[in-house]
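Computed from a predicted model, the values in this text were never measured in an experiment.
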Amino acid sequence: MSINPTASRTSSTWRSVTLLITAYLAVSVLTLAGIIALRNNTAAVNDAVWIRGTVVVASAVLTLSFVRRAARGSARAFLRLRLVTAIMLVAIVVIDVLPGTFPLWMKVEQAICGLLLLGVVLLVNGKHLRSVFTGA
């Protein structure tokens, strides 16, 4: 019985992407739980924090669905995954460098999410997964 190293590598890469996005979702859900717990502390939770926290959880859920569909061979889901993760990564960088709007704790949380997404962006834009969808 021969082993297809390309298929094995593809499967391993999708496991890594799924793990990173699952961690991103977990951090996001925990953050939203923290926002809810601190809702009466206006220094820690403002309107921007509520909006960002909710949007990040929603995007993480969508992103996980893109990962699952792309891993099953959906080229459209793969494209969506590549776009959403890159856009969210850029949004996180902007949030972390802009002064004022978000408290420090949220910027730290977003930096953690950014590192997780950076790993995903590197994997899904790498030659291997792109070649799976282009047939190259």
Side-chain angles (χ1 to χ4, degrees):
M1 174 183 221
S2 65
I3 296 173
N4 182 342
T6 302
S8 177
R9 181 174 176 201
T10 301
S11 180
S12 175
T13 303
W14 280 122
R15 275 193 302 278
S16 296
V17 170
T18 301
L19 179 64
L20 289 166
I21 292 298
T22 301
Y24 171 60
L25 175 60
V27 169
S28 302
V29 168
L30 288 172
T31 299
L32 187 57
I35 290 168
I36 292 167
L38 296 171
R39 67 185 173 275
N40 295 324
N41 181 343
T42 56
V45 177
N46 58 27
D47 289 342
V49 168
W50 273 106
I51 293 167
R52 180 69 187 162
T54 305
V55 167
V56 170
V57 169
S59 75
V61 169
L62 278 174
T63 305
L64 186 58
S65 75
F66 297 155
V67 169
R68 289 181 175 156
R69 285 186 286 156
R72 288 192 304 260
S74 171
R76 294 186 92 181
F78 182 62
L79 176 60
R80 290 178 180 139
L81 175 63
R82 291 176 67 201
L83 290 171
V84 167
T85 54
I87 291 167
M88 291 301 292
L89 182 57
V90 169
I92 288 169
V93 170
V94 169
I95 283 169
D96 276 358
V97 299
L98 284 178
T101 308
F102 296 94
L104 180 61
W105 72 266
M106 182 77 161
K107 289 184 178 210
V108 169
E109 180 271 345
Q110 286 291 280
I112 293 166
C113 287
L115 290 173
L116 294 168
L117 286 177
L118 177 61
V120 173
V121 167
L122 293 173
L123 289 170
V124 299
N125 289 291
K127 285 182 183 180
H128 179 68
L129 282 186
R130 285 185 298 122
S131 73
V132 168
F133 287 94
T134 61

Original post:
Can L62 and V84 be said to form a side-chain contact (heavy atoms from CB on, under 4.5 Å), step by step?
Top reply: CA-CA 9 Å; L62 278 174; V84 167; over 6 Å; no
Subject >> Interatomic distance, I92 atom CD1 to Y24 atom OH [nearest 0.5 angstrom] >> reply: 5.0 Å
Subject >> Over all atoms of both residues, closest heavy-atom pair of A44 and L38 >> reply: CB-CD1, 4.3 Å
Original post:
Would you say V61 and L81 are hydrophobically clustered, going by side-chain heavy atoms of ILVMFWY under 4.5 Å?
Top reply: yes
Subject >> Joint hydrophobic cluster, L32 plus L104, side-chain heavy atoms closer than 4.5 Å >> reply: yes
Subject >> pair W50-I36: side-chain heavy atoms closer than 4.5 Å >> reply: yes
Subject >> Joint cluster assignment, V93 & L116, ILVMFWY side-chain distance < 4.5 Å >> reply: no
Original post:
Between N125 and V121, what is the shortest heavy-atom contact and its length?
Top reply: ND2-O, 2.9 Å
**OP:** Answer yes or no: is there a side-chain heavy-atom contact under 4.5 Å between H128 and L123?
**Re:** no
Original post:
Going by atom types alone, do R9 and T13 pair a side-chain donor with an acceptor below 3.5 Å?
Top reply: no
Original post:
Just wondering, do R82 and F66 contact through their side chains at under 4.5 Å, heavy atoms?
Top reply: no
Original post:
Please, which pairs that meet side chain to side chain donor-acceptor pair (under 3.5 Å) have at least one residue in residues 72-81, sequence neighbours excluded?
Top reply: none
Original post:
side chain to side chain donor-acceptor pair (under 3.5 Å): which pairs involve residues 90-117, sequence neighbours left out?
Top reply: T31-E109, R52-Q110
Subject >> Whichever hydrophobic residues join I51 through chains of side-chain contacts under 4.5 Å >> reply: V55
**OP:** Supply the members, apart from L19, of the Ile/Leu/Val/Met/Phe/Trp/Tyr cluster built from side-chain contacts under 4.5 Å; use none for a lone residue.
**Re:** none
Subject >> Shortest non-hydrogen contact from G114 toward L89 >> reply: O-CD1, 3.4 Å
Original post:
So which heavy atom on A60 is nearest to which on S28, and how close?
Top reply: CB-OG, 4.3 Å
Original post:
Nearest 0.5 Å, what's the OG1-CG distance between T22 and L64?
Top reply: 5.0 Å
**OP:** Kindly say whether S8 contributes a backbone atom to a donor-acceptor pair with the side chain of S11 at under 3.5 angstrom?
**Re:** no
**OP:** Just jot down the ring pair (Phe, Tyr, Trp, His ring centres under 6.0 Å) partners of F78, sequence neighbours excluded, or say none.
**Re:** F133
Original post:
Is the number of heavy atoms from other residues, nucleotides or ligands under 6.0 Å of R69 CZ greater than 12?
Top reply: yes
Original post:
Are I21 and L117 close enough that some pair of their side-chain heavy atoms sits under 4.5 Å apart?
Top reply: yes
**OP:** Calculate, to the nearest 0.5 Å, the distance between atoms CG and CG belonging to L20 and L25 respectively.
**Re:** 12.5 Å
Subject >> Nearest-0.5 Å distance, CD1 of residue I35 to CG of residue N41 >> reply: 12.0 Å
Original post:
Does the pair M106 and V45 meet the rule for a side-chain contact (heavy atoms from CB on, under 4.5 Å), with working shown?
Top reply: CA-CA 9 Å; M106 182 77 161; V45 177; over 6 Å; no
Subject >> Members besides L83 in its Ile/Leu/Val/Met/Phe/Trp/Tyr cluster (side-chain heavy atoms under 4.5 Å) >> reply: L79
**OP:** Kindly compute the distance separating CG (L118) from CG (L122), expressed to the nearest 0.5 Å.
**Re:** 4.5 Å
